[in-house]
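All chains are named by letter (A, B, ...) in the order of the sequence lines, taking the proteins before the strands, and each is independently numbered beginning at 1.
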2 protein chains.
Amino acid sequence: MWIIISPDMTDALDQIFSALADPTRRQILVMLLEDDMAVTDVAEPFEISLAAVSKHLGILASAKLIQQERRGRVKWCKLDTQAMNIAWTWMQGLGQFEHIDLDGLEAFLEETLKKD
Amino acid sequence: MWIIISPDMTDALDQIFSALADPTRRQILVMLLEDDMAVTDVAEPFEISLAAVSKHLGILASAKLIQQERRGRVKWCKLDTQAMNIAWTWMQGLGQFEHIDLDGLEAFLEETLKKD
DNA sequence: AGAATATTCAACCATCTGGTTGACGATTAA
DNA sequence: TTAATCGTCAACCAGATGGTTGAATATTCT
């Protein structure tokens, strides 16, 4: 699969990373890994209002992290991997990652968990 | 492929992704790819104040995307790959629709972290 | 047609963010 | 010792963000 990266990805990366910066939105993405969902179903496990979840979905869609398609009165949400690939590609340029660094991850978690 | 979804990681991912969401901070990271730099030198190509750059560096350091070390009156900044690895790993899990062994990973981490 | 369901819109609010400036402490150089 | 350099701190400001509520718009069900 080819990923076309324009010379100026700044705006896209702004949107993608700030979309990913919110834990509710990250959780939504994980939920959508399982299956496509309607807005109401996405909102179900959260304790915030439906309107708030609708806004989150709008932000994810505008960052192209999800796609939304209306069928009847239901709006279906599904993952869109394009934006994730753009961000991932950018990050690869910074770190030359070739594999998942579990040692690094462990060290990070250890340090983070100490702070409790 | 593993994806990491642990309550302990939420704060870390919040910090990492919101640090990456700002174009100035992303540019700083790219600059540090070349070489370690002093705060003043990091600030040089930007048109914002030194104090603003200093704040950006603080945010990057608190997200563990950079390390800062003071030598004399100069504070040296260098990339830290730990946080980048965390974010990259999390994203990789979302970009690919493969089996997710969450329980296995948590068990692995728990066991590994106990060993000290 | 009338009622229920799915989702968004609009207005509003508190808090966070990225920026500024000026003063300040610490370190090095003259 | 005095002056210059490096960086942070504190107070402040405008605009963005994430949340709320109530009304509005479509669509489907009875």
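- You won't find any donor-acceptor pair under 3.5 Å spanning the side chain of A:Arg73 and the base of C:dT7, going by distance alone.
- Residue contacts for B:Arg25: at a heavy-atom cut-off of 4.0 Å it reaches the sugar-phosphate backbone alone, with no base atom in range.
- Rounding to whole angstrom units, CZ of residue A:Phe46 and P of D:dG18 are separated by 14 Å.
- For A:Ser54 and C:dT7, the shortest distance from a side-chain N or O to OP1 or OP2 is not below 4.0 Å.
- Residue A:His56 has no polar side-chain atom (N or O) positioned under 4.0 Å from OP1 or OP2 of D:dT17.
- The closest donor-acceptor contact from the side chain of A:Ser54 to the backbone of A:Leu50 lies at 3.5 Å or more, if one exists at all.
- With the nearest nucleotide of DNA chain D identified for both A:Gly72 and A:Ala52, A:Ala52 has the one nearer the 5' end.
- The separation between A:Asp14 atom CG and C:dT17 atom P is 15 Å, rounded to whole Å.
- Toward the 5' end of DNA chain C, the nearer of the two residues B:Thr24 and A:Arg70, judged by each one's closest nucleotide, is A:Arg70.
- Contact annotation: A:Ser49 side-chain N/O to D:dT20 OP1/OP2 distance is under 4.0 Å.
- If you check every strand for non-hydrogen atoms under 4.0 Å, A:Ile59 touches sugar and phosphate atoms only.
- Put simply, the side chain of B:Arg26 gets close to the backbone of B:Leu20: a donor and an acceptor are under 3.5 Å apart.
- Rounded to the nearest 0.5 angstrom, B:Lys55 NZ and B:Arg25 CZ are separated by 11.0 Å.
- Taking atom CD of residue A:Glu69 and atom P of nucleotide C:dT7, one finds them 13 Å apart after rounding to whole Å.
- Remark: the backbone N or O of B:Ser62 is paired with a side-chain donor or acceptor of B:Gln15 at under 3.5 angstrom.
- Side-chain contact between A:Lys78 and A:Leu32: absent, with no pair of heavy atoms (C-beta onward) separated by less than 4.5 Å.
- Atoms CD (B:Glu44) and P (D:dT5) sit 15 Å apart, rounded to a whole Å.
- When distances are taken from the side chain of B:Val39 to each of C:dG19, D:dT8, C:dT27, the shortest belongs to D:dT8.
- Between the NZ atom of B:Lys75 and the C1' atom of C:dT28 there is a distance of 18 Å, given to the nearest Å.
- One can place CD of A:Glu47 at 12 Å from P of D:dG19, the figure rounded to the nearest angstrom.
- Atoms CZ (A:Phe17) and P (C:dT17) sit 17 Å apart, rounded to a whole Å.
- When heavy atoms are screened at a 4.0 angstrom cut-off, A:Ala51 is found touching base atoms of the nucleic acid.
- In this entry the distance linking CH2 of A:Trp76 with P of C:dT7 reads 8 Å, nearest Å.
- Within 4.0 Å (heavy atoms only), A:Thr40 reaches sugar-phosphate atoms of the nucleic acid but no base atom.
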